[in-house]
Structure formats: C-alpha cells, structure tokens
2 protein chains.
Amino acid sequence: MTKDRAPTRIQKKNRAAILEAALEVFSTHGFRGATVDQIATEAGLSKPNLLYYFPSKEAIFNELMAQLLGTWLDPLRSLDPDGDPLEEILAYVQRKLQMSRDFPRESRLYANEIVQGAPRLLGTIATDLNALVEEKSALLQRWMQAGKINSAHPKHLLFSIWSLTQHYADFDVQVRALMAGEDPFDAAPEYLDTLYRRMLTPSDN
Amino acid sequence: MTKDRAPTRIQKKNRAAILEAALEVFSTHGFRGATVDQIATEAGLSKPNLLYYFPSKEAIFNELMAQLLGTWLDPLRSLDPDGDPLEEILAYVQRKLQMSRDFPRESRLYANEIVQGAPRLLGTIATDLNALVEEKSALLQRWMQAGKINSAHPKHLLFSIWSLTQHYADFDVQVRALMAGEDPFDAAPEYLDTLYRRMLTPSDN
DNA sequence: CTTTGATTTGACCAACTGGTAAAACTCACG
DNA sequence: CGTGAGTTTTACCAGTTGGTCAAATCAAAG
C-alpha cells in the first residue's frame, strides 16, 4: 500500500492531466460513453499507467464531480443579502453566463449527468444543493415581499437563471449553428440583463 | 433481400416496440451509453431478432431522430404571423412547456445528442432548423419594429424559450429533487407566462 | 393441410471494455 | 554511484459490445 505522503511532482502533473482529460471525455460522451483508454490517451498515458493514479473509472469521475460542485455553486452562495436585490440578481446572472463561456465543459459534464438521471449525483443534489436553494429562495422571497423586486416563484426563478445561462454552454453546438458565425456571447449578456430587468424591476402598483 | 411490401401486423408491432424501447434507453444513456441488448430486452425481443428489423444500432437511432424532429418543431412552425404577437408567443411557450411535461424522453434524447456535440444531427440543424429559425426570427423582428412587442434579440429570444421550457424535461431529476414533492408543472406555466409577458409587453415610450 | 415467406432463436465472432499482475524502468537522495 | 521508492510498460484476463449466420419455428394463403 502506498504511504500517505506529499504528492510527487510527477503525481501532481499526471493527476492534473488525467482530470483535465477526463473532463474533456466525460463531458462529451457521458459516463457510460467514455472509455478509460480514451481518457488515458488524451492525458498522454497508457491505460494501466492511468489506473496507477486512480483506482477506477468511477473514482476519476467522482473526484471530477466533487471538484466541480465546489466551485460551481460559488456564484449562488455569494448572492449577498445586504446588496441591492435587483443588482445582486443581475450580477449573479452575468457571473453564471461567464462561467458558461469560460467553462463550458464543466457545464456539459453536469448536464450529461443530470439529463441521464443523475445516478451518481442525486444524493449531493438532494442535500447540499437543496439546502443552498432553500436558503437563497427564502432570501428572494424576502426581497419580493419587501417590494424590492417583482414577485415570482423563487425556485422557478433560480431554475430559469440556471437554464438560460447554462444553455449557452450545453447547447453550444446548436446555438452556434443557428447564429451564422456571430458569437452568441456578444449579445447574450445584454439579452439576459434586459430579460431579468424587465422581469424583476418592481412595477409600482 | 426483402421485397418492399406493405408491413405485416407483426412488423408494425415490433418496429413500434423497438422504437419505444430505444427512446427509453437512448434518452437515459445517450447513444454510446446505450446497448442493443438493453433495447432488445426492453422491447421484449432477442438481440438478433431486433437486428432483423433494424440493420444496426445507428439505424434505430436515426429513425428515432428523424421521427422526433418532425413533430418537435411543429409548435414553432405554427407561430402565426397573423395572430396577436404577444399571445402567439405566450401560446408557443405554453405548448413547448406541455411537450416537456408530456414527452420528456424526447426532450432528453435531443438534449443528450446536442450536449454531446450533435455528431449525428448537426447537418439537419444547420439546414432545416436554421431555415425555420431564420424565418421565425424575421417574423419576431417585424413584430418588434411594429411595436407589437418589446425589442430583444430574436434568436436569443427563441433560445431562451427552448431553454426554459425544455429545462423542466431535461433537468427533471434536479428540479424535482429541489421542489420537495411539489409538481414543478404546477407553477411553471404561470411563471413562464409572467416572465415573457413582462419581457415582451410593449413599454410605451 | 401444405407450402412459402416471415419471424425467431442459439451459437458464434472479432473488437473492445474495465481492470490486474508482475516485470522493467527512472528518479531523487544519501 | 547505488538503492529503494516511485513510475511505466508489457502481457494478460474475463465480461461485454455490435453484429452475423444458418437452422428452426411460425403464420397465412391456397
């Protein structure tokens, strides 16, 4: 058994290469559609060599997911109860949109997993994500009742933000095929800003 | 070689069973993740028997896709240039939402394919869907210039409608995990109606 | 009831899958 | 330099994959 030492320079490099390769392969083929060989080749290693660093395909996937989920939810966590409600939400939308542009593979990895029923992730969603969503939708509801933003079902509001922003990563191929060379991320920020501004700006009644 | 006869009663039944089974399996595992054996079992046939009706796994997938795309785009096609603009769009949103509720597997099948880069579908998207989108976004733009609805990027408007409505099918597992037993489709119609009403109702300026 | 085409099955295959074992190599450190 | 831990490779395995083939069975028209 390998002792629990500090990781070697080689260990650090190879584990990083494997996770990077796994992100690429898992995000474009899903868990079952991805092969260990493909990941190994993409990482510049042989299959047994890869399996020297991770005990199994599933172990790679799990580490990738754990790593992803941490940063993935950061924007929502940093929704500030003391900020200006409308601007907080609009900033959250833009941050999520930027993540779709800068980390589309992470978004697609997540999408693949959820679309296929989240067999390896449902636990985390039902506990960690649920707690965060409960907290933040309560905050949204307070803002609504205080008249700071228009009323709407807070959870559906969150769903809509996720859906709209991640769509540009998950359906990237389709979006680009229909935009005739124009970069979708040119007009998307303004479109989403306008949408949520009109949606949420309090109508005085 | 089999003559090009009218299909037998048995042929009709089995081909239908296979496509139904394939929809189930492909939509939850993606193309590469699905196995012919799984589809055959789900359809109540042996694998060689299934391959008597379809020459290959890919042939099943292609027929399923062709069949899907036809009906999938119907709601958009029936966006009526002579109807009331706002009500036409809102009706389109509701029709798409109903499709997510009634045919979630079809939506997930499509999502799986697009998320994974649409390797078997990009052609159709770039031609057929593109033509339809060009036509309808031109219509939207006319409505906007006539002041019937608020201005917004017409293609992004379409993307947002697809994204928001199909989210309830594609991310069903997550949505339900976060809704604590409440049916998402109870509040979704009103939420989306409100959203697009506020977004598109002409602001008098 | 027979015949003929449609249907189903069992046996099989080559390629690929995730994973293992042990030998071979490489590297940092004394 | 040598030595032991860390690393990589070669060879391999059992199970699964998509797909084939010929033989067996079934259904329906005469």
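Each chain gets a letter, A, B and so on, in the order its sequence line appears, and its residues count up from 1.
Contact annotation for B:S46: base contact, defined as any heavy-atom pair under 4.0 Å involving a base atom. Within 4.0 Å (heavy atoms only), B:A40 reaches no atom of the nucleic acid at all.
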Find every protein N or O atom lying less than 3.5 Å from an N or O atom of nucleotides 25-30 of chain C, and list the pairs.
unit_1 : atom_1 : unit_2 : atom_2 : d
C:dA28 : OP1    : A:R9   : NH2    : 2.6

Could you write out each protein N or O paired with an N or O of nucleotides 19-22 of chain D at a distance under 3.5 Å?
unit_1 : atom_1 : unit_2 : atom_2 : d
D:dG19 : OP2    : B:K57  : N      : 2.8
D:dG19 : N7     : B:K47  : NZ     : 3.4
D:dG19 : O6     : B:K47  : NZ     : 3.3

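In this structure, CG of B:L50 is placed 12 Å from P of C:dT9, rounded to the nearest angstrom. A straight line from CZ of B:F26 to C1' of D:dG18 spans 11 Å, rounded to a whole angstrom. If you take CZ of A:R15 and C1' of D:dG6, they are 15 Å apart, rounded to a whole angstrom. For B:H29 and D:dT16, the NE2 to P distance is 15 Å, given to the nearest whole Å. Per the geometry, CZ belonging to B:F54 stands 13 Å off P belonging to C:dT7, to the nearest Å. Between the CG atom of A:L45 and the P atom of C:dG19 there is a distance of 16 Å, given to the nearest Å. To the nearest angstrom, P of C:dG19 lies 14 Å from CZ of A:F61. Rounded to a whole Å, the CD atom of B:Q38 is 13 Å from the P atom of D:dT16.
Partner of B:S107 under the side-chain hydrogen bond (donor to acceptor under 3.5 Å, both in side chains) criterion, out of B:D170, B:N112, B:D102, B:T165: B:D170 alone.
In summary, A:E20 and A:R105 engage in a salt bridge, as defined by a charged side-chain N under 4.0 Å from a carboxylate O. Comment: A:R108 does not engage A:E24 in a salt bridge, judged by the lack of any side-chain N to carboxylate O separation of less than 4.0 angstrom.
Under the 4.5 Å side-chain criterion, counting only non-hydrogen atoms from C-beta, A:T201 is not in contact with A:N150.
The main-chain N or O of A:A34 is found under 3.5 Å from a side-chain atom of A:K57 such that the two form a donor-acceptor pair. Proximity of a side-chain donor or acceptor of A:K136 to a complementary backbone N or O of A:L79 within less than 3.5 Å is detected.
Ring geometry for B:F159 versus B:W162: interplanar angle of 30 to 60°, hence tilted. Relative orientation of the B:Y168 and B:F185 rings is tilted, given thresholds of 30° and 60° on the angle between their planes.
Between B:T8 and the phosphate of C:dT7, there is a side-chain N or O to OP1/OP2 separation shorter than 4.0 Å. An OP1 or OP2 oxygen of D:dT8 is reached within less than 4.0 angstrom by a side-chain nitrogen or oxygen of A:N14. B:N49 has a side-chain polar atom (N or O) that falls below the 4.0 Å cut-off from OP1 or OP2 of C:dT9. At D:dG6, none of the side-chain N or O atoms of A:Q11 fall inside 4.0 Å of OP1 or OP2 (strictly under the cut-off). In this structure, B:Y52 does not reach the C:dT8 phosphate: none of its side-chain N or O atoms is under 4.0 Å from OP1 or OP2.
With no hydrogens or angles considered, a side-chain donor-acceptor pair links B:S160 and B:Y196 at under 3.5 Å.
In terms of the side-chain hydrogen bond (donor to acceptor under 3.5 Å, both in side chains) criterion, residue partners of A:E63 (sequence neighbours excluded) are, by chain and number, A:R15.
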